[in-house]
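All remarks here apply to the structure that follows.
Positions are given from 1, in the same order as the sequence printed here.
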Amino acid sequence: MTKLTIVPCPQCKQDVEWSDKSPYRPFCSKQCQMIDFGEWADEENSIAGAPDMSDSDGWSEDNY
């Protein structure tokens, strides 16, 4: 017997079964999925990393 995996919806924290029964996993619904997508599109969410060098004053296309 396979153990069910339950994860919290990243948006509303409701429990979501990680299986084919949950087509929007890890989200509980299309609504939560679209809210999350909108936050990324509005740049409210981001992944930490190196700054974009093209926006800095020291950036150059010249070869040294």
Side-chain angles (χ1 to χ4, degrees):
M1 182 171 185
T2 304
K3 182 180 175 186
L4 287 178
T5 300
I6 305 294
V7 297
C9 173
Q11 194 63 39
C12 72
K13 309 303 183 214
Q14 177 178 326
D15 287 345
V16 179
E17 181 180 327
W18 193 272
S19 72
D20 292 340
K21 293 179 184 177
S22 304
Y24 302 108
R25 63 186 179 273
F27 301 98
C28 67
S29 65
K30 183 71 172 177
Q31 179 180 0
C32 280
Q33 184 185 51
M34 295 308 294
I35 290 169
D36 185 77
F37 178 73
E39 289 172 354
W40 284 98
D42 290 340
E43 297 183 359
E44 294 174 25
N45 294 340
S46 64
I47 297 174
D52 183 359
M53 294 303 292
S54 64
D55 291 340
S56 69
D57 292 335
W59 185 80
S60 174
E61 290 184 358
D62 296 335
N63 292 330
Y64 292 100

N/O donor to acceptor pairs below 3.5 angstrom from side-chain atoms of residues 14-23, sequence neighbours left out:
unit_1	atom_1	unit_2	atom_2	d
E17	OE2	S19	OG	2.9
S19	OG	K21	N	3.2
S22	OG	E17	O	2.6

Please list every donor-acceptor pair under 3.5 Å in which a side-chain atom of residues 28-36 meets a protein atom from a residue at least two apart or in another chain.
unit_1	atom_1	unit_2	atom_2	d
S29	OG	Q31	N	3.4
S29	OG	C32	N	3.2
K30	NZ	Q33	OE1	3.4
D36	OD2	W40	NE1	3.3

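- E44 pairs by the side-chain contact (heavy atoms from CB on, under 4.5 Å) definition with E39, D42, not counting sequence neighbours.
- Residues forming a side-chain contact (heavy atoms from CB on, under 4.5 Å) with P10 (at least two apart in sequence, or on another chain): P26, F27.
- Every pair tested for salt bridge (charged side-chain N to carboxylate O under 4.0 Å, His left out) that includes a residue from residues 1-13 fails, sequence neighbours excluded, so the list is empty.
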